[in-house]
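What follows is a set of notes on a single structure, which appears directly below.
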Amino acid sequence: MPLTRKGAETRQRIVEGAAEQIREQGVFAVRLEDVMARTATSKSQLFHYFPGGKDDLLLAVARHEASRALEDQQPELGSLTSWAAWDRWRDKVLARYRTQGSDCPLHTALAQLGGATAATRTVAGEMLDRWQRQLAAGIRHMQADGGIAPGLDADREAAALLAGIQGGVLILMTTGASAHLEAALDSGIGHLRASIRQDR
């Protein structure tokens, strides 16, 4: 049964409150009682929207954080129509993850849920698929405008760029250093830039 507008707003308020609690205290310190107090929610309300309790709530938080990770890259990610736009997107990705550092609410929520369950794989897969599709759309736009070699497989190039970004983010989370993420972005975008020269 679909939620009413008020119900959807209440559910979203709980998710956002839980996400803020995790950012402040870490997932291991978060109790449902804390989330209820923070969001002015009763126990019956919380379990109405999240019948599975904390696991259901963490999954919703993970999906929320996955959406935020992509929304934080807009409008640049959805408008990769020139090299200046790609550079702006690159700078925005770097700034976001440098600010985040080792504290990744999405990773924390997924890890607490067990990492590789069907549900967590779905959340992570949805995020990566959306991200890859927007990168591929940008590549195809640049191919149509003659900025990227038409022979490149846009989906494969987007997948490779995204894999580099995710590797760089993981290293940043582990070490606090953003050099690998910066290198992955610069190398991936540089490869796309050079493709038109190599194609001639």
Side-chain angles (χ1 to χ4, degrees), residues 1-74 77-78 92-93 95-135 158-159 162-176 178 180-181 184:
M1 182 177 175
L3 295 175
T4 63
R5 182 180 62 80
K6 186 176 180 181
E9 289 173 354
T10 300
R11 186 182 187 280
Q12 185 62 20
R13 187 178 79 246
I14 296 170
V15 170
E16 290 176 0
E20 290 169 2
Q21 197 86 14
I22 288 171
R23 287 189 213 108
E24 291 173 8
Q25 299 183 357
V27 72
F28 296 109
V30 171
R31 301 177 307 145
L32 293 181
E33 292 82 0
D34 298 327
V35 175
M36 287 156 50
R38 187 181 195 113
T39 59
T41 307
S42 68
K43 188 172 184 179
S44 62
Q45 277 182 305
L46 192 143
F47 279 91
H48 171 71
Y49 295 111
F50 306 99
K54 190 173 182 179
D55 281 1
D56 270 7
L57 179 56
L58 285 175
L59 194 61
V61 168
R63 187 166 268 117
H64 169 73
E65 293 295 348
S67 291
R68 277 188 75 237
L70 297 182
E71 288 164 7
D72 286 351
Q73 298 175 47
Q74 301 297 350
L77 179 59
K92 198 162 199 179
V93 171
R96 182 196 195 278
Y97 284 104
R98 280 173 174 161
T99 300
Q100 176 181 283
S102 60
D103 178 26
C104 177
L106 171 61
H107 182 267
T108 300
L110 291 177
Q112 176 66 7
L113 285 164
T117 67
T120 57
R121 279 195 297 267
T122 297
V123 171
E126 287 171 352
M127 173 199 177
L128 295 173
D129 181 61
R130 285 171 57 198
W131 198 344
Q132 183 175 324
R133 279 190 281 111
Q134 292 189 72
L135 289 172
L162 183 53
I165 293 168
Q166 288 299 297
V169 169
L170 184 59
I171 293 171
L172 189 156
M173 287 171 53
T174 305
T175 67
S178 62
H180 296 82
L181 175 58

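For clarity, every value in this text was computed on a predicted model and none was experimentally measured.
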Measuring from Leu128:CG to Arg130:CZ, what's the distance to the nearest 0.5 Å? 10.5 Å

Quick check for you: to the nearest 0.5 Å, what is the distance between Phe50 atom CZ and Leu59 atom CG? 10.0 Å

Trp131 vs Ile165, side-chain contact (heavy atoms from CB on, under 4.5 Å): CA-CA, chis, key distance, verdict: CA-CA 11 Å; Trp131 198 344; Ile165 293 168; 3.9 Å; yes

Note: Leu162 and Leu135 closest approach over all heavy atoms is CB-CD1, 4.3 Å

Go through the steps for Arg63 and Thr122 under the test side-chain contact (heavy atoms from CB on, under 4.5 Å), then give the verdict. CA-CA 9 Å; Arg63 187 166 268 117; Thr122 297; 4.1 Å; yes

So, Glu9 and Arg13, do they make that salt bridge, N to O below 4.0 Å? no

Rounded to the nearest 0.5 Å, what's the gap from NE2 on His64 to CD on Gln12? Could you check? 6.0 Å

Rounded at 0.5 Å granularity, tell me how far NE2 in His48 sits from OG1 in Thr10. 9.0 Å

Quick one: do Arg133 and Asp129 satisfy salt bridge (charged side-chain N to carboxylate O under 4.0 Å, His left out)? Show the steps, please. CA-CA 6 Å; Arg133 279 190 281 111; Asp129 181 61; 2.9 Å; yes

Take Glu33 and Lys43 through the salt bridge (charged side-chain N to carboxylate O under 4.0 Å, His left out) test and state the conclusion after the steps. CA-CA 8 Å; Glu33 292 82 0; Lys43 188 172 184 179; over 6 Å; no

Salt bridge (charged side-chain N to carboxylate O under 4.0 Å, His left out) with Glu16: which residues, sequence neighbours excluded? none

Mind checking side-chain hydrogen bond (donor to acceptor under 3.5 Å, both in side chains) for Ser44 and listing every partner two or more places apart, or none if nothing turns up? Ser42

Closest non-hydrogen atom pair between Leu46 and Val35, with its separation: CD1-CG1, 4.4 Å

Rounded distance [0.5 Å steps], OG1 in Thr39 versus CD in Glu20: 10.0 Å

Give the minimum heavy-atom separation between Ala69 and Tyr97, together with the two atoms involved. CB-OH, 4.2 Å

Could you report the tightest heavy-atom contact between Met127 and Leu70, atom names first, then the distance? O-CD1, 3.8 Å

Closest non-hydrogen atom pair between Gln45 and Ala40, with its separation: OE1-O, 4.2 Å

If you define the side chain from C-beta out and look only at heavy atoms, does anything of Leu32 sit under 4.5 Å from Phe47? yes

Between Arg96 and Gln100, does a side chain to side chain donor-acceptor pair (under 3.5 Å) hold up when you go through it step by step? CA-CA 6 Å; Arg96 182 196 195 278; Gln100 176 181 283; 2.9 Å; yes

Where do Arg31 and Gln21 land on the side-chain contact (heavy atoms from CB on, under 4.5 Å) test, with the steps shown first? CA-CA 9 Å; Arg31 301 177 307 145; Gln21 197 86 14; over 6 Å; no

Val93 vs Gln73 side-chain heavy atoms within contact, under 4.5 Å: yes

Closest non-hydrogen contact found for Leu170 with Thr174 is O-OG1, 2.8 Å

Look up atom CD1 in Ile14 and atom OG1 in Thr41, then write down how far apart they are to the nearest 0.5 Å. 4.0 Å

